[in-house]
Amino acid sequence: MAKIEPVKDQQTVTRNWESVRPLIAGVTVKPVPTLQDERGELVEVYRQDWGVMDAPLFAIHQVGIRPKKIKGWSLHLDNDDRLFVSLGFLRIALFDNRTDSPTYRLLNILALSERNRALVVVPRGVYHAIENIGEGEAVMISMPTSPFDYEDPDKYRLPIKNDLIPFAFEEIQGW
């Protein structure tokens, strides 16, 4: 029987709890604290003085994702996505397929939840997929940088399993 050797964990955060993994160029993750008292809680979804959104707000959508379901892979060519995780437990996968990007072919995996809320800016040209890894419905707020064009949607899709993106949702363990 072969001897199994333990594998040492690699550093994932600094002592200030900042990720050491590089983000895709143009991606911003703005952690947002939840304020609680005996009556309930309050969380800011967006503030102009955060400096993470240069484009105006054209629309705000609430998106629900059922347990164990995945939305994506999709990308926009004319619009940036601004996503705020509000309720539930989500895994957001981002893949940079922009050939002119300094982070071309970089993959980012983010785990966000109602306990770890954040506003995530996904630049145009970056594929993204979102998986509900919790037991209940997950809710996020979407604030695109341009209005939806019903006659000519700025949305391009790939199947969840494809040969372009080096990621398989079912393969991540240890969450």
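The analysis underlying the following values was restricted to heavy atoms, covering all of them including side chains, and did not include hydrogens, waters or symmetry mates.
- Looking at heavy atoms from C-beta onward, L90 lies in side-chain contact with N132 at the 4.5 angstrom threshold.
- With sequence neighbours excluded, no residue forms a salt bridge (charged side-chain N to carboxylate O under 4.0 Å, His left out) with D81.
- A heavy-atom distance below 4.5 Å is not found between the side chains of N108 and R21.
- Ion pairing of D100 with R98 is absent here, as no side-chain N (NZ or NE/NH1/NH2) approaches a carboxylate O to less than 4.0 Å.
- In this structure, I141 CD1 and M143 CE are separated by 7.5 Å, a value rounded to the nearest 0.5 Å.
- For the pair E44 (side chain) and Y46 (backbone), a donor-acceptor distance under 3.5 Å is absent.
- The residues E135 and K68 are annotated as salt-bridged, a charged nitrogen and a carboxylate oxygen being separated by less than 4.0 angstrom.
- Checked options V29, V126, L106; the residue passing with L94 is V126 (criterion: side chain to side chain contact (heavy atoms under 4.5 Å, CB included)).
- Contact of the D154 side chain with the H76 side chain is registered, since non-hydrogen atoms from C-beta on lie closer than 4.5 Å.
- With rounding to the nearest 0.5 angstrom, the CD1 atom of I130 is 12.5 Å from the CZ atom of R91.
- Under a 3.5 Å cut-off, the side chain of R105 and the backbone N or O of P166 do not form any donor-acceptor pair.
- Across all their heavy atoms, H128 and L75 have their closest contact at CE1-CA, 4.1 Å.
- Rounded to the nearest 0.5 Å, atoms OG1 (T145) and CZ (R82) are 5.5 Å apart.
- Using the six-membered ring where Trp is involved, F167 and W73 have ring planes that are perpendicular, over 60° apart on the 30 and 60° scheme.
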